[in-house]
Amino acid sequence: MKAKVTVMPKKSVLDPQGVAVRDAMRHHGLPDVRAVRIGKVMEIELEHGDEARLHEICRDLLSNPVIEDYELQVER
Amino acid sequence: MKAKVTVMPKKSVLDPQGVAVRDAMRHHGLPDVRAVRIGKVMEIELEHGDEARLHEICRDLLSNPVIEDYELQVER
Amino acid sequence: MKAAVIRFPGSNCDQDCYHVLKNGFGLDTEYVWHKEGSVEQFDMIVLPGGFSYGDYLRCGAIARYSPVMRSVAAEAERGKLVLGICNGFQILCEARLLPGALIRNRSLHFICEHVHTRLENMETAFSHAEVTKSGGKLLTARTGLLLHMPIAHGEGNYTADAETLREINRNKQVVLRYADDHGAITGGANPNGSAENIAGITNRAGNVFGLMPHPERACDPLLGSEDGKLIFQSVIESAKKAAK
Amino acid sequence: MTQEPAITPELIAKHGITPEEYERICSILGRDPNFTELGIFSVMWSEHCSYKNSKPELRKFPTTGPGVLVKAGEENAGVIDIGDGWAIAFKMESHNHPSAIEPFQGAATGVGGIIRDIFTMGARPVFSLNSLRFGPITGNGSAAVANNRRLFAGVVEGIAHYGNCIGIPTIGGEVYFDESYEGNPLVNVFCLGVLRHEEIARGGAVGVGNPVFYVGAETGRDGLAGAAFASRDLTEESKQDRPAVQVGDPFREKLLLEACLELLASGAVAGIQDMGAAGLTCSTCETASRAGTGVEIDLNKVPKREPDMTPYEIMLSESQERMLIIVTRGREQIVRDIFEKWDLPYAEVGVVKDDGMMRVCVGGDVVAQIPAHKLAEDAPIYHREASARPAPEPLGTLPEADPLAALPALLAHPSIASKNWVYRQYDHMVRAGTCVLPGSDAAVFLVREADKILAATSDCNALYCALDPREGAKIAVAEAARNLACSGARPLAVTDNLNFGNPYKPENFWQLRECVEGLAEACREFGTPVTGGNVSLYNQSPAGAVDPTPTVGMVGIIHSPAHITTQAFKGAGDAILLLGDIGGEMGGSHYVKVIHGRKAGTPPRLDYAKEKRVQEAVRSLIRMGLVRSAHDCSEGGLAVALAESCISGAEAIGAEIDLTRFGNLPDGELLFNESQSRIVISVRRENAAAALALAEWQGVPTHRLGFTGGKHLRIKSGEREWPWLVSDLHAAWWNSIGEAMEANG
Ligand SMILES: Nc1ncnc2c1ncn2[C@@H]1O[C@H](COP(=O)(O)OP(=O)(O)O)[C@@H](O)[C@H]1O
Ligand SMILES: [Mg+2]
């Protein structure tokens with residue numbers, strides 16, 4: 001089984017990295033960039049793996065629910 | 001226009017973070033995790049933006065071809 | 001004979017480098033703001049350590065596009081001496097002025113400590129000199145010499161593909177490797193997981209040098225080491241020769 | 001404009017405002033407050049901003065002295081003269097509650113906040129310390145232990161993230177682990193900056209008609225009402241208090257720091273104030289109040305990160321990396337140029353008025369109008385009821401324990417073990433001034449611009465304070481001064497961080513009062529004025545209040561590089577001397593806690609005269625060039641101090657120690673008692689007699705303990721003999737925290 005976890009900073013939370021990259025892109029011939037938000041992707045390969053457990057791990061280990069949201073996609 | 005850029009470490013390049021997360025997952029009740037690779041996602045909002053330029057920026061700024069590959073998805 | 005210390009937003013070893021060059025070596029030294037167009041008028045260029053642009057995206061990735069970097073690249077092309085320390089090294093790699101890349105430390109932790117590095121090539125413009133330590137002791141460059149300097153980085157793990165590694169070895173571009181206190185290049189002496197314990201390399205032409213250790217933090221007996229002087233003395237002598 | 005909620009008793013209560021306080025607000029305004037004004041009062045009158053429960057206590061601190069240039073409380077941080085026209089500004093701040101919710105960001109923004117406090121004074125920050133407390137990280141893989149490790153790891157990473165990026169070395173601190181901090185860690189951060197006397201900046205809105213500038217990061221909905229949040233017990237639902245989480249941006253703050261120092265040097269600044277807790281609210285009314293003026297601002301002009309923010313949200317936001325600057329009229333362009341150079345947002349948001357009002361407008365309409373001085377200074381003050389805790393459980397006779405096993409066990413206890421796992425993650429060498437790295441009694445830093453050598457330490461044995469708050473607080477000051485003395489320094493001044501439980505509980509308030517009085521008395525004795533500090537109350541977890549923890553940060557000066565001294569033995573064949581008596585007090589000792597599992601007994605007594613003689617003696621011996629190493633006895637007593645001197649150097653050095661002369665004290669007392677005023681020094685063999693005579697002549701009982709050298713630390717006393725391989729002791733001490741933290745699960 002393959003799983004893909006995307007972890008993004010919550011909308012309300014400041015994303016300093018996104019701000020810095022937005023400014024860099026504007027200086028870089030894309031003046032019309034409005035906003036950039038930067039998160040993590042994790043590509044996970046499992047023997048079989050159970051989805052419920054994966055969700056727990058996304059919450060407890062792979063993301064920080066206080067400031068981030070996660071999204072889990074599994075393909076068998 | 002909205003663009004989504006995914007940047008992953010090249011298969012040939014070691015990914016210390018991925019290894020650490022894999023081990024942590026194994027200790028967290030998913031012993032059958034085979035591999036984890038960790039990359040970045042960037043969600044970009046543009047006024048209009050031209051795709052060719054975006055590709056340049058992905059190659060020159062948002063990723064480092066020496067160690068990373070990128071993937072660009074745009075939705076209008 | 002004039003030295004430039006480039007200031008990127010987020011550079012934080014700029015003042016330390018400036019102090020060593022200006023007060024330690026009595027060199028005519030100037031800060032150059034990253035928005036400036038040109039470093040043509042300088043004989044040597046130092047890219048100091050720090051967190052340019054907060055290390056956001058990748059260390060050095062954004063700084064590498066600062067206006068001043070065009071001129072730095074051009075001057076490097078013309079053979080001018082460029083020294084990149086820590087974040088400066090990362091910027092030079094991002095700018096493709098040096099081969100390879102620096103990624104996250106194997107331990108994932110930031111590491112600040114004194115390390116030993118072994119001098120692998122004493123023929124470069126950055127590693128050939130002899131300096132007198134306070135108290136009169138001589139420190140003379142020779143292959144195999146151990147230099148004691150601090151490291152302080154979270155992304156100092158040098159990587160390059162096999163071909164590049166073969167090439168930089170073949171061309172003697174590797175100047176420093178992490179070593180144990182007997183000079184052995186061992187896994188245990190490798191603080192960050194760098195390929196082949198690489199701590200510092202030059203470009204093919206030998207006029208651009210990047211290293212992760214901080215020589216500017218090792219130029220004063222009060223700080224526990226003066227070994228960094230050897231690096232600065234070398235590049236200053238080389239720059240003086242070139243300036244003539 | 002958006003519809004604001006009506007002011008109901010429930011809403012008032014939700015803002016933590018009592019009916020009496022509400023009455024006071026109405027009489028100040030001569031009317032009922034609107035929603036925005038209510039919010040403004042709630043943060044300004046929160047414990048965090050108003051110190052309403054601790055102010056009467058803080059007045060007991062000595063705040064004056066020959067070297068004091070700016071007194072505590074006057075400005076954002078006190079300023080102390082260090083000679084030749086140079087001065088230092090330093091302060092300690094807590095971020096306990098935010099760190100409990102989100103350890104990484106909580107600790108990071110704490111560092112950012114204290115750094116702003118320092119450069120607001122016009123000083124360039126040159127180093128930091130950090131004082132940390134967590135629940136136990138060793139033992140069974142229980143959920144509690146796992147959570148303590150998560151908090152510890154996150155806090156250390158957060159401090160590293162912010163301090164390393166901004167380029168201010170973190171050169172020292174302390175870390176303790178105890179059950180009482182479970183779920184409510186203590187995160188106290190200290191920063192010190194240097195400046196010329198004439199560079200001292202003030203936080204007053206002076207000069208009617210001067211423009212008011214907002215500089216730094218845009219305002220978002222971060223940390224809404226964090227100040228109020230820090231003034232409540234940590235409950236399960238407050239952990240759901242998500243909006244209180246702020247994200248720090250050390251890169252932005254680095255730019256802000258450089259831009260502000262550049263602007264201050266330009267002479268364009270009439271007044272400057274950082275936006276900490278209660279952001280815009282606090283900075284506007286405090287600058288006005290200090291200068292006896294008024295300030296009017298227009299929220300439309302405030303740079304914002306998010307659309308449709310209400311006045312309430314903007315005024316209470318705690319977004320980081322922002323400053324308020326009052327500019328001398330006519331110099332506005334200088335501000336624009338500098339902040340454009342540094343690519344930082346800035347805006348002229350208001351003007352200084354003469355009517356004493358804090359007036360907040362949105363375009364044309366006034367949304368809040370409050371007498372600034374009354375808002376900033378007339379918060380209610382409460383004299384809380386105090387009731388003494390029962391005296392500590394007496395020790396009784398302790399069961400036998402094998403010293404051979406006890407010493408390594410003590411050295412491996414995370415509170416005593418080497419903190420290298422922590423400070424290795426901190427850049428403690430940037431600014432190329434750290435002469436004594438973390439790992440000795442005090443950190444020593446060469447301030448190049450001033451050519452001065454400073455020593456700094458933070459100390460507090462909260463176990464003593466739990467058993468006897470007054471004596472414990474006195475000892476915290478004495479130990480800090482002793483750590484400085486051992487490094488060759490003379491103490492200059494103190495900053496403190498008072499960490500206690502809910503003050504409405506009489507026992508907690510009694511602890512607070514006892515500790516303050518103990519600190520105040522000791523600071524007078526050692527001639528170290530208190531330049532400022534911070535109070536953090538409501539440090540409670542469901543289990544109850546944390547141990548009373550009055551953290552002391554002390555700074556001293558070393559007059560010559562030759563006087564810099566460290567705790568590690570320097571070579572074989574040196575004579576080892578003990579300055580002070582062998583002692584015998586076991587109450588509150590780590591031996592009793594770690595080996596016998598009890599927090600019990602009366603902690604050691606402090607004798608000021610004796611303590612001062614010992615510190616004076618070690619300083620003069622150092623000045624005469626006799627001392628090769630000096631280390632005070634603290635947690636774990638004489639045996640731990642000796643072991644640390646053996647193993648904390650570049651390579652471990654053994655020692656042969658004979659304690660026979662001290663008669664037949666029981667093993668535990670002999671080796672591990674924590675009597676105060678004791679320092680272990682090593683001197684060249686040929687200097688031993690002279691050093692001994694000199695110390696005795698200064699009225700300090702001094703004893704030859706033995707010699708350095710060999711592979712063992714061997715302690716004899718009559719028939720008794722205990723040999724330890726120093727390599728074993730080193731391993732136990734050096735690796736213990738790393739092993740606990742890298743252990744999975
Ligand atoms: N959180 C920390 N950050 C940096 N250094 C630390 C920290 N905690 C402890 N240290 C360093 O470890 C050494 C020992 O600390 P501690 O046991 O508190 O010393 P002492 O008992 O003499 O006060 C000191 O040099 C101290 O600065
Ligand atoms: Mg000590």
Side-chain angles (χ1 to χ4, degrees), chain A residues 1-11 13 15-64 68-74 76, chain B residues 1-11 13 15-64 68-74 76:
Chain A
M1 171 171 115
K2 273 188 188 260
K4 184 173 177 187
V5 180
T6 310
V7 178
M8 295 299 292
K10 282 192 196 303
K11 284 271 169 296
V13 170
D15 173 20
Q17 178 163 236
V19 173
V21 171
R22 180 201 65 200
D23 298 345
M25 290 178 79
R26 286 178 179 167
H27 285 122
H28 232 75
L30 276 182
D32 67 336
V33 177
R34 245 197 262 102
V36 177
R37 296 190 75 73
I38 301 185
K40 292 196 230 71
V41 253
M42 310 179 207
E43 292 175 356
I44 304 166
E45 287 173 35
L46 308 100
E47 217 57 68
H48 18 75
D50 90 50
E51 193 159 338
R53 189 81 192 91
L54 260 178
H55 270 288
E56 284 174 39
I57 287 193
C58 286
R59 215 185 42 248
D60 303 347
L61 187 71
L62 303 184
S63 77
N64 176 352
E68 298 170 327
D69 300 318
Y70 78 87
E71 185 190 302
L72 170 65
Q73 298 150 290
V74 289
R76 323 198 152 266
Chain B
M1 171 171 116
K2 275 193 170 171
K4 185 173 176 188
V5 179
T6 309
V7 177
M8 296 300 292
K10 279 193 185 334
K11 290 270 177 299
V13 176
D15 169 19
Q17 215 182 344
V19 173
V21 169
R22 183 200 65 201
D23 297 346
M25 288 178 80
R26 287 179 177 167
H27 283 97
H28 273 72
L30 279 181
D32 67 337
V33 177
R34 247 197 259 102
V36 178
R37 299 193 70 74
I38 301 187
K40 299 193 206 76
V41 252
M42 310 178 205
E43 292 175 357
I44 305 166
E45 288 174 33
L46 306 103
E47 217 57 70
H48 19 75
D50 93 48
E51 194 158 337
R53 188 82 194 92
L54 259 177
H55 269 289
E56 281 173 39
I57 288 195
C58 286
R59 206 189 48 243
D60 301 347
L61 177 70
L62 301 184
S63 75
N64 177 348
E68 298 167 327
D69 302 314
Y70 78 88
E71 183 190 309
L72 170 64
Q73 300 151 292
V74 291
R76 318 199 154 269

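Sequence lines set the chain letters: A, B, ... in the order given, protein chains first and strands last, and positions in each chain run from 1.
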Trainee: Less than 4.5 Å to any heavy atom of chain A: does that hold for the side chain of I44(B), its backbone, both, or neither?
Mentor: both
Trainee: Could you state the interatomic distance from NE2 (H28(B)) to CG (L62(A)), rounded to the nearest 0.5 Å?
Mentor: 9.5 Å
Trainee: Examine whether an atom of M1(B) lies under 4.5 Å from a heavy atom of chain A, and if so say whether it belongs to the side chain, the backbone or both; otherwise answer neither.
Mentor: neither
Trainee: To the nearest 0.5 Å, what is the distance between NE2 (H48(A)) and CG (L30(B))?
Mentor: 10.5 Å
Trainee: Heavy-atom distance under 4.5 Å to chain A: side chain of I57(B), backbone, both or neither?
Mentor: side chain
Trainee: Under 4.5 Å heavy-atom distance to chain B, tell me which part of I38(A) shows up: side chain, backbone, both or neither.
Mentor: both
Trainee: Out of R53(A), M25(A), M42(A), Q17(A), return the one with the most heavy atom pairs under 4.5 angstrom to chain B.
Mentor: R53(A)
Trainee: What distance do E45(B) atom CD and R37(A) atom CZ have between them, rounded to the nearest 0.5 Å?
Mentor: 9.5 Å
Trainee: To the closest 0.5 Å, what do you measure between CZ (R26(A)) and CG (L46(B))?
Mentor: 10.0 Å
Trainee: When only pairs under 4.5 Å are counted, which of G18(A), G29(A), A24(A), A35(A) shares the most heavy-atom pairs with chain B?
Mentor: A35(A)
Trainee: Tell me whether H55(B) at atom NE2 has more than 12 heavy atoms from other residues, nucleotides or ligands lying less than 6.0 Å away.
Mentor: yes
